[in-house]
Student: 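Next up is a structure, given as structure tokens.
These figures come from a predicted structure and were not determined experimentally.
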Amino acid sequence: MMKKNITPRIVLTLIAIIYTISIFSLSASAADVMIRTSSAEAKNGETVYIQLDMMQNPGFSLLKINLGFDSEVLSLANITASEYVTFSLHGTGSEGDPFALDISASDPNGFTASRFLTLEMRVADKAAAGMHYVTPTVTGVYLSDGTEITGEATGGAIVVSCPHAETVWVDDLEANCKTFGLRHRECTVCGEKFDINTVVTDGSHQYDDATIIREASCTSEGEKNAICTVCGESVNEVIPKKDHDLSGWTIVRNASCNSEGEEVRACLNCFETVEKRSIPLSDHSFGAWNITKESTYTETGMRDRTCEVCGFREEEEMPALSSEHNHSFDGTTEVLKEATCNTDGTQRVYCSFPICSEFTEQTIPAKGHTPGEETVTVEVTCKAPGESVIKCTVCGEELEKKTLTKLNHTYERWVLTKEPTCKEKGQSSCTCKVCGYTITRTEPVSGHTEGEWHVTKEPSCLEEGKKEVKCTVCDKVLKEETVPATGHKAAVWEVIKEATCTETGSKKGVCPDCNAQLDEEISTAFGHKYGEWKYISPEGDVPGKKTRECSACGNVDSVEVNNIVLKNDDTSVTIELVAESRDAVNFVSESVLEKTDNAFIDALKAKVEKAYKKAEVVKLYEFNLEGEYVGDIRVRIPLSEIPEGFVNLKVYRLDETDELLEISNEIIGQELTFLTDHFSKYVVCGVDLHMQNSDPGEQIDEKSDMFVVALVIFGVLLIAELIIGFILIKKRRMF
């Protein structure tokens, strides 16, 4: 008997030992506290806030953490500690020297709130898009009694979105003269696509080399013809006029002492005068001096001279006679040899001093040629150029010889020499009516000529038919389409059952085309068509009711009503008059928190914090009813009116002395509701989930939960192993 019981006992003992060891090892593997790091989204150059929270904080006195992040992307701009917490920062944040933070509690009993630090992180101006991590590492956690506990931390991420500062257009389908094009924009940094399938409508024709119809000149525009290689469209374009080929300046009027001259430049091709300019006034052309008073040895003389062009008279005094004087060779002139167009002449000029016969010889410059009119010597045509000459009007010498550009062809209208068809291009020609020179151009294919739709297979009740369109020239099939089946149709329908408000009807018939028997429903049951509600007020113990009647079948819908619901137009707050109403005419609700004076708000906040620890004033309403009313009221406030993040909502009423009276409330669906018998001011209070100092008793004990899960798992394993053990014991007894 002893040997039979040894094996099961050993099995049960081992199972208990394994269970105990597993529980302790699982419990020991979890850290005592967990620090969670929040995440955020940002763009280049922006600053975001990252919060560090300690879950199930037992009340640390000192917390040591190292802070790591990519310093090329992120930088630590500022650190804000929660109330009752101080910190010191060590390190440069560079690789090998990360930031080290020592966070100390100012309360000797330790710091128990969840949030202890807020990091202000700045994103670099040229940070790459993606996730960039902020990773704290716990290096020490100490309680107020000096006990060191273990801690772990989860990292947070800053998601940097690409600013898409530089984008380029990418063509997906190039536009041409027949079809629209498609394109989209792409970010050159991250490759994200925008404006996909943007239509490009400016596709232009692709013309071949143009054929010159008429050359341009300096007096007239030319013309050329080009054909689009995509669609075959033919277009004539204007060739702009050419610039004039200007000659040198030619004097048409010499300048004189009393009038300006003029010179021009003409085009060498069309001979049109293009530019003109004036020649400044010239000096006077004086004649010989005329002595009006002879000089003596005791008195000066006088002389004058006159301009031969304008008659201007110049007078000057002559010195008295002297045996010694300086010669002034501006007296009488004697021409010895006349100047010609090509050769200089000579003249003798005497001293103007009286009784002096000295002279000097001077050169008379050659006069130069005087150009005459341009004379055409060979006429110009559209086959060959011409010639022209300019001669001197004095000596007849040929001064200039020019070649005249041949004329443009003078074409007649285009003549179609080959008709275009659906398959082949045509041809046209044009001939110069002067010389007979001929040019040709290609005419685009005419395209198919669509005929009428022709049914090739007639449709039936159940089968589709077919139809097509052919070219009337070459008989090619251009379009094909199906003809929908005609479907059954009854010549006469027989109603079997009429439709009502709640039931569908039915009808039957015979298709005259294929004699098929047809059965159909008559409309879907459309439901009652009720009119407006009519209210009957309650009397004594008899409740009120509201009724409405169906206009189709006369069915009457009746509902008992004891309450009257009033909605306010100014806010989304609703009240329900829970008892009998008397002449209730208007419900007024107003959110007055932002309209009251600062002193009242401060006093109200102080009363709320005294009545409800850690709470804040969320809303302040004032409810009024114009008219008489007896009974209770139920107020329904949508949760959408409550700012996000507030929990543990409570409602207080301000009595006549502005003291707070707590009102029982509850949240039903998406509404905060409460019952009262006063129209007055009501305060909605709550705790900010993001800013509250966490109560360890209210926090989720994650380690405890994990421990419970572990107990359940290993409990199940223990039970299974016990069952196996008892089965083994039973089998041993059987043997």
Student: Thr440: what forms a side chain to side chain donor-acceptor pair (under 3.5 Å) with it, not counting sequence neighbours?
Tutor: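 Partners of Thr440 by the side chain to side chain donor-acceptor pair (under 3.5 Å) criterion come out as none, since no residue qualifies.
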Student: Walk me through it: do Thr37 and Ile50 pass the test side-chain contact (heavy atoms from CB on, under 4.5 Å)?
Tutor: CA-CA 7 Å; Thr37 308; Ile50 301 296; 3.4 Å; yes
Student: Between Glu186 and Phe194, is there a side-chain heavy-atom distance shorter than 4.5 Å?
Tutor: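 The answer is no, as the side chains (C-beta and beyond) never meet within the 4.5 Å cut-off.
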Student: Residues in side-chain contact (heavy atoms from CB on, under 4.5 Å) with Phe329, at least two apart?
Tutor: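 Partners of Phe329 under the side-chain contact (heavy atoms from CB on, under 4.5 Å) test: His327, Val349, Cys351, Glu358, Thr360.
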Student: Taking only residues at least two apart or on different chains, which pairs with a member in residues 435-449 satisfy salt bridge (Lys or Arg N to Asp or Glu O under 4.0 Å)?
Tutor: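 Listed once each, the pairs are Arg441-Glu443.
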Student: Looking at every heavy atom in both Phe286 and Cys307, which two are closest together, and how far apart are they?
Tutor: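 In terms of heavy atoms, the two residues are closest at CD2-N, 3.6 Å.
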Student: Please examine the side chains of Val73 and Tyr133, heavy atoms only from C-beta on, and report whether any two atoms are closer than 4.5 Å.
Tutor: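 No, every pair of side-chain atoms sits at 4.5 Å or beyond.
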Student: With a 3.5 Å distance limit and no angle check, can you tell me whether Ser39 reaches the backbone of Ala157 through a side-chain donor-acceptor pair?
Tutor: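 Side chain of Ser39 to backbone of Ala157, a donor-acceptor pair under 3.5 Å: yes, one is there.
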Student: Just jot down the side-chain contact (heavy atoms from CB on, under 4.5 Å) partners of Val48, sequence neighbours excluded, or say none.
Tutor: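 Expected list: Ala40, Ala42, Met121, Ile158.
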Student: Could you note down all residue pairs passing salt bridge (Lys or Arg N to Asp or Glu O under 4.0 Å) where residues 227-255 supplies at least one of them, sequence neighbours left out?
Tutor: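 Qualifying pairs: Arg253-Glu262.
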Student: Side chains of Arg265 and Leu268: closer than 4.5 Å at any heavy-atom pair?
Tutor: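 A side-chain contact is absent here, since even the closest heavy-atom pair is not under 4.5 Å.
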Student: Within the 4.5 Å heavy-atom criterion, are Met318 and Ile291 side-chain neighbours or not?
Tutor: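 Of all side-chain heavy-atom pairs linking Ile291 with Met318, at least one is under 4.5 Å.
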Student: Among pairs that include at least one residue of residues 373-385, which meet salt bridge (Lys or Arg N to Asp or Glu O under 4.0 Å), considering only residues two or more places apart or in two chains?
Tutor: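 Matches after skipping sequence neighbours: Glu374-Lys402.
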Student: Under 4.0 Å between a Lys/Arg side-chain N and an Asp/Glu carboxylate O for Arg214 and Glu221?
Tutor: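 Here Arg214 does not pair with Glu221 in a salt bridge, since their nearest N and O are not under 4.0 Å apart.
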Student: List the atom of Ser428, the atom of Leu416, and the distance in Å for their closest heavy-atom pair.
Tutor: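 Minimum heavy-atom contact is OG-CD1, 3.4 Å.
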Student: According to salt bridge (Lys or Arg N to Asp or Glu O under 4.0 Å), does anything in residues 302-311 pair up with another residue at least two apart or in another chain? List the pairs.
Tutor: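 Output for this query lists Arg303-Glu316, Arg303-Asp330, Asp304-Arg313, Arg305-Glu314.
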Student: Does this structure show an ion pair linking Arg183 with Asp172, if we count only N-O contacts that are shorter than 4.0 Å?
Tutor: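 Result for this pair is no, no salt bridge flagged.
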Student: Would you indicate whether the side-chain heavy atoms of Asn342 and His369 approach each other to under 4.5 Å?
Tutor: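 Answer yes - side chains close enough.
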Student: Please determine, by modelled atom types, if Asn408 and Glu215 share a side-chain donor-acceptor pair under 3.5 angstrom.
Tutor: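 Glu215 and Asn408 do not have a side-chain donor-acceptor pair below 3.5 Å.
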Student: Residues two or more places apart in sequence or in another chain: which of them pass side chain to side chain donor-acceptor pair (under 3.5 Å) with His284?
Tutor: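 Listed in chain order: nothing, the list is empty.
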Student: Check the pair Lys433 / Glu412 against salt bridge (Lys or Arg N to Asp or Glu O under 4.0 Å), numbers first and verdict last.
Tutor: CA-CA 6 Å; Lys433 62 184 179 180; Glu412 296 179 335; over 6 Å; no
Student: For His184 and Asp171, test the side chains for any donor-to-acceptor distance below 3.5 angstrom and give the result as yes or no.
Tutor: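 Looking only at side-chain atoms, Asp171 and His184 do not form any donor-acceptor pair under 3.5 Å.
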Student: Sequence neighbours left out, what passes side-chain contact (heavy atoms from CB on, under 4.5 Å) with His90? Give chain and number order.
Tutor: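 His90: side-chain contact (heavy atoms from CB on, under 4.5 Å) contacts with Ser88, Ala100, Asp102.
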Student: Test of understanding: with side-chain contact (heavy atoms from CB on, under 4.5 Å), list the residues that count as partners of Thr472, not counting sequence neighbours.
Tutor: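 Thr472 satisfies side-chain contact (heavy atoms from CB on, under 4.5 Å) with Thr449 once adjacent residues are dropped.
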Student: Is any side-chain heavy atom of Leu117 less than 4.5 Å from a side-chain heavy atom of Ser82?
Tutor: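 A side-chain contact is absent here, since even the closest heavy-atom pair is not under 4.5 Å.
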Student: Excluding sequence neighbours, so at least two apart, what forms ring pair (Phe, Tyr, Trp, His ring centres under 6.0 Å) with His409?
Tutor: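 Once residues adjacent in sequence are excluded, the partners of His409 under the ring pair (Phe, Tyr, Trp, His ring centres under 6.0 Å) criterion are Tyr411, Tyr437.
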Student: If the condition is side chain to side chain donor-acceptor pair (under 3.5 Å), which residues does Ser429 pass it with, not counting sequence neighbours?
Tutor: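 Partners of Ser429 under the side chain to side chain donor-acceptor pair (under 3.5 Å) test: none.
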Student: Do Val123 and Leu74 have side chains that approach each other closer than 4.5 Å (heavy atoms only, starting at C-beta)?
Tutor: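 Val123 reaches Leu74 side chain to side chain.
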Student: Is a side-chain donor or acceptor of Glu46 paired with a backbone partner of Lys43 at a separation under 3.5 angstrom?
Tutor: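 Side chain of Glu46 to backbone of Lys43, a donor-acceptor pair under 3.5 Å: yes, one is there.
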Student: Is it true that the side chains of Asp97 and Thr92 contain a donor and an acceptor less than 3.5 Å apart?
Tutor: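 Short answer, yes.
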Student: Within a strict 4.5 Å, meaning less than it, do heavy atoms of the Lys470 and Glu468 side chains meet?
Tutor: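 A side-chain contact under 4.5 Å exists here.
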